Amino acid sequence: MPAPAAAEQLCPENLNMYIIKTGIQPYSSSHSKTGQHRAHARAFLDRSVGRELARPAMAAVPEVALRHGAGRPMPAVGVGTADSAATSPETKRGAALAALEVGFRHFDTAALYGTEAPLGEAIAEATRRGLVASREEVFVTTKLWCTQCHPGLVLPSLRESLRNLQMEYVDLYLVHWPISVKPGPPMLPVKREDAVPFDFEGVWRAMEECHRLGLAKAIGVSNFTTKHLDKLLAVATIPPAVNQVEMNPVWQQRTVREYCAAKGIRVAAYSPLGGQNWIGEGNDVMESPVLADIARARGKSIAQVSLRWIHEQGVTPIPKSYNKERLKQNLEIFDWELTKEDRLKISQIPQKKIVTAARMFSPDGEFASVDLSDMEIVEE
C-alpha cells in the first residue's frame, strides 16, 4: 500500500475525485483522529493508482512509424509465436504473458500457428492485471494463410482471426506467403496438386478493404521477393507497409532489404536467431564462431549480437523464446552498438537459407497449374 503522499504525487486527480465524491479532505488535520476516513481515502487511492503501481519499469524500445499512419508505431523488436500443434494453449498463453511481463509490446501470430486465441487471452489478462493500460498499448500482427489467399476469403479470414484474438482490429495484417492453394483449413505441408495461380490484384484489393474498414491498421506481406513485390506494387492502391522475411546474420537478405528501403517498405525478420532450422541440421546462427567471438568481446549473448545486428540494418527482429530470462535479454539490445569491425566480420559470414517454398509442399504429387519457381522465395 503506498503512503498517502506518494499516492497523491502519482495521481493527484484521483485525490481530487475522492474529495468531490465524499466532501472529505482525507489527510487534513481536521480528520486526523478519524481513522475510518483515513482508511477509506487510502483504500480509494490504492484502487485508483494500483494499476499504475503494478506496472514494472520497462526498457525503452524504439518504435517505427509505418507508412499507412493509421495505427500506433511498430516497436522495434517483437515476439514470435509460431509453435507446433502439440504445445498446449496454456503453455502458449503463459509464454505470451511472460513476454508482456518483461516488457514486450509487439507480438507476431498467424492463422496457421494456433496461437491467436492464447495470445488474445494473454493480452486481456495483462490488461486486467494492469501490466498494460489497454489493448491499444500492444502491437499485434497476424497473417492470411495460403488456403485463404482468394479475394472472397481474405476479409472472412481476418474476421475469424479477430474473433480468435478477441480484438476489434489488428495493427498489421500480412499475406503469409506468395502462394495460393485450394480453400480449406490451414495446414502444412501443402499438397502440390492443390496449388493454384496467385491472384495478386484480387487478393491485395481485399487486403486494402480490410485496411479501409479499420480492421487492419496496416497491411503488408511476408516471404515476398522483389519479383513478387513488383507484381504487387503494379496493382496496389495502398502499398504494403511491411515485408516480413527470414533474416539473420546467416541469411542477410541484402537484395530484398535494398529494394524495400527504396520503396518505403519496412522489413521485419522472422527466425532472427536461426530458429526455423527444425530438421536436425543444427543452428548456423547460434553455433556461429564469428558471432560467438563478437559476443565474448562485447559481454553479450550470441542472440543479442544477432538481434543488435538486425536492428542496425533498419530491420525489426521477431525472436521467439519461452524462457523469461532470454526474453529479457532480447530486449536489451538498444543501449549499445556493434563496432565497424564487428559489422565487417558479420558481412563475411557464409550465407545459407533455411525456409524455401519447396519445403512448404509435400514431396508427393505434381504441380498442375503453377510453377514452383513462381512461388520460390530464395533471393540473394
Side-chain angles (χ1 to χ4, degrees), residues 78-85 87 108-115 141-149 172 174-181 186-192 194-195 198 220-229 232 240 242-257 259-260 265-288 291 303 306-307 309-310 313 315-321 349-363 367 370-380:
V79 175
T81 66
D83 208 335
S84 79
T87 304
D108 181 87
T109 184
L112 177 71
Y113 298 164
T115 54
T141 299
T142 194
K143 307 183 194 78
L144 175 76
W145 185 241
C146 306
T147 52
Q148 311 305 110
C149 278
L172 179 61
L174 304 179
V175 177
H176 206 151
W177 279 78
I179 295 174
S180 181
V181 302
M187 64 176 61
L188 274 177
V190 176
K191 294 180 180 179
R192 294 184 173 217
D194 286 348
F198 193 99
V221 296
S222 180
N223 294 303
F224 273 46
T225 64
T226 59
K227 176 180 68 176
H228 301 130
L229 290 168
L232 183 61
V242 170
N243 184 20
Q244 185 185 121
V245 297
E246 180 187 17
M247 180 186 159
N248 52 58
V250 177
W251 188 249
Q252 299 184 10
Q253 292 278 18
R254 296 184 183 95
T255 300
V256 167
R257 285 194 284 121
Y259 180 102
C260 289
I265 301 169
R266 178 73 177 184
V267 174
Y270 71 78
S271 293
L273 307 179
Q276 289 277 0
N277 203 349
W278 296 327
I279 58 176
E281 297 178 355
N283 187 314
D284 293 304
V285 174
M286 300 304 289
E287 297 169 9
S288 166
L291 298 179
S306 181
L307 297 175
W309 175 81
I310 292 170
Q313 309 314 302
V315 174
T316 301
I318 306 173
K320 175 194 166 188
S321 178
I349 292 176
Q351 296 295 283
K352 179 181 178 181
K353 182 157 177 53
I354 300 300
V355 181
T356 66
R359 289 189 176 184
M360 291 274 293
F361 294 94
S362 58
F367 294 106
V370 296
D371 193 313
L372 180 60
S373 63
D374 292 332
M375 299 178 284
E376 194 49 81
I377 62 170
V378 179
E379 186 172 43
E380 290 290 347

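Just so it is clear, the structure is predicted and the values come from calculations on it, not from any experiment.
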Q: State whether a side-chain donor-acceptor pair under 3.5 Å links T109 with T115.
A: yes
Q. Got a donor-acceptor contact below 3.5 angstrom from the N248 side chain to the V285 backbone?
A. no
Q.
I'd like to know if the side chain of T225 reaches the main chain of E379, judged simply by a donor and an acceptor atom lying under 3.5 Å from each other, with no hydrogens or angles considered.
A. no
Q: Look only at the side chain of S288 and the backbone of L291, and say whether a donor-acceptor pair between them is shorter than 3.5 Å.
A: yes
(Q) Checking T316 against R266 for the side-chain contact (heavy atoms from CB on, under 4.5 Å) test, could you report, in this order, the C-alpha distance in whole Å, the side-chain angles of both residues, the deciding distance, and whether it holds? (A) CA-CA 8 Å; T316 301; R266 178 73 177 184; 3.1 Å; yes
Q: Kindly compute the distance separating OG (S271) from CD1 (I318), expressed to the nearest 0.5 Å.
A: 10.0 Å
Q: Without swapping roles, check the side chain of Q148 against the backbone of L144 for a donor-acceptor pair under 3.5 Å.
A: no
Q. From I349 CD1 over to D284 CG, what is the distance, rounded to the nearest 0.5 angstrom?
A. 10.0 Å
Q: Enter the distance from C146:SG to H176:NE2 here, rounded to the nearest 0.5 Å.
A: 7.5 Å
Q) Step by step, would you call V221 with L232 a side-chain contact (heavy atoms from CB on, under 4.5 Å)? A) CA-CA 10 Å; V221 296; L232 183 61; 3.6 Å; yes
**Q.** CA sep, side-chain torsions, deciding dist, call: K143, Y113, side-chain contact (heavy atoms from CB on, under 4.5 Å)
**A.** CA-CA 9 Å; K143 307 183 194 78; Y113 298 164; 3.2 Å; yes
Q) Is the backbone N or O of V355 less than 3.5 Å from a side-chain atom of E246, with the two atoms forming a donor-acceptor pair by type? A) yes
Q. Counting distance only, does the side-chain N/O of S306 pair as donor-acceptor with the main-chain N or O of P272 below 3.5 Å?
A. yes
Q) For the side chain of K320 and the backbone of V79, is there at least one donor-acceptor N/O pair under 3.5 Å apart? A) no
Q. Does one side chain, of N223 or Y270, offer a donor that lies under 3.5 Å from an acceptor on the other?
A. yes
**Q.** Q351 side chain to Q252 backbone, donor-acceptor under 3.5 Å
**A.** yes
Q: Report the C-alpha separation of F224 and I377 in whole Å, then their side-chain angles, then the decisive distance to 0.1 Å, and conclude whether the side-chain contact (heavy atoms from CB on, under 4.5 Å) test is met.
A: CA-CA 6 Å; F224 273 46; I377 62 170; over 6 Å; no
**Q.** side-chain contact (heavy atoms from CB on, under 4.5 Å) against A269, all qualifying residues, sequence neighbours excluded
**A.** M247, I310, V315
Q.
Looking at E376 and L372, would you say the former's side chain and the latter's main chain have a donor-acceptor pair under 3.5 Å?
A. no
Q: Verify whether one side chain among S362 and R192 offers a donor that lies under 3.5 Å from an acceptor in the other.
A: no
